[in-house]
Amino acid sequence: MQADNKSYDDINVTPMVDLYLVLLLIFIIMTTAGVQGVKVNLPRGGPSTSKPIEGPKMQAVTVDDQGNIKLNAKAVTLDELSTMLEALHGTTPDSPVVVRGSTGTPYQTIMDVLTAIGRAGFTNIGLATQAPKK
């Protein structure tokens, strides 16, 4: 008896499909792992059911359209703001800080102010918003 040396013309696609599925899985994992960002609770502009902040006196940081910074209505530079916030944190560490800015305020200035507040050690930080018109 002679062995059957017949060639097959079909292509076995199972290993190729397995390879594509593994590559797809790796791609999905890598794209979700590469997303960077900070999770934050964004302020809502609508009616709020939250209670007002109670406790120590609130500190207000205001940034106008030109990027001028004020701490409790006193004009300061960014360096002065950092120094004053560190001093305030030393005396009243639980004091809430609210950042106010108008619609034309430069975003980078707001980020610099938030960075200074965070470096001073404050953890109770709020962003002031205006309720939308009905």
For Q66, side-chain hydrogen bond (donor to acceptor under 3.5 Å, both in side chains) partners two or more places apart: none

Contacts satisfying ring pair (Phe, Tyr, Trp, His ring centres under 6.0 Å) that involve residues 59-82 (not counting sequence neighbours) are none

For residues 82-109, pull every pair meeting ring pair (Phe, Tyr, Trp, His ring centres under 6.0 Å), keeping only residues two or more places apart or in separate chains. H89-F122

Ring pair (Phe, Tyr, Trp, His ring centres under 6.0 Å) contacts touching residues 65-88 (sequence neighbours left out): none

Between L71 and L88, does a side-chain contact (heavy atoms from CB on, under 4.5 Å) hold up when you go through it step by step? CA-CA 11 Å; L71 175 62; L88 286 170; 4.0 Å; yes

side-chain contact (heavy atoms from CB on, under 4.5 Å) assessment of I125 paired with L114: CA-CA 8 Å; I125 304 168; L114 289 173; 4.0 Å; yes

Value for OG1 (T92) from CD (Q59), rounded to nearest 0.5 Å, stands at 5.5 Å

Contact list for residues 109-120, test side chain to side chain donor-acceptor pair (under 3.5 Å), sequence neighbours left out: Q108-D112

Pairs of donor and acceptor atoms involving the side chains of residues 11-24, under 3.5 Å and at least two apart or interchain, shall be tabulated with distances.
{"residue": "N12", "atom": "OD1", "partner": "T14", "partner atom": "N", "Å": "3.4"}
{"residue": "N12", "atom": "OD1", "partner": "T14", "partner atom": "OG1", "Å": "3.4"}

Audit row: V98, V61, side-chain contact (heavy atoms from CB on, under 4.5 Å) steps and yes/no: CA-CA 6 Å; V98 175; V61 179; over 6 Å; no

Using residues 78-86 as the side-chain source, report each donor-acceptor pair under 3.5 Å to any protein atom, sequence neighbours left out, with the distance given to one decimal.
{"residue": "E80", "atom": "OE1", "partner": "T77", "partner atom": "N", "Å": "3.0"}
{"residue": "S82", "atom": "OG", "partner": "L78", "partner atom": "O", "Å": "3.2"}
{"residue": "T83", "atom": "OG1", "partner": "D79", "partner atom": "O", "Å": "3.1"}

Candidate pair V63 and N68, rule side-chain contact (heavy atoms from CB on, under 4.5 Å), full reasoning: CA-CA 6 Å; V63 183; N68 300 322; over 6 Å; no

Whether N72 side chain and A60 backbone form a donor-acceptor pair below 3.5 Å: yes

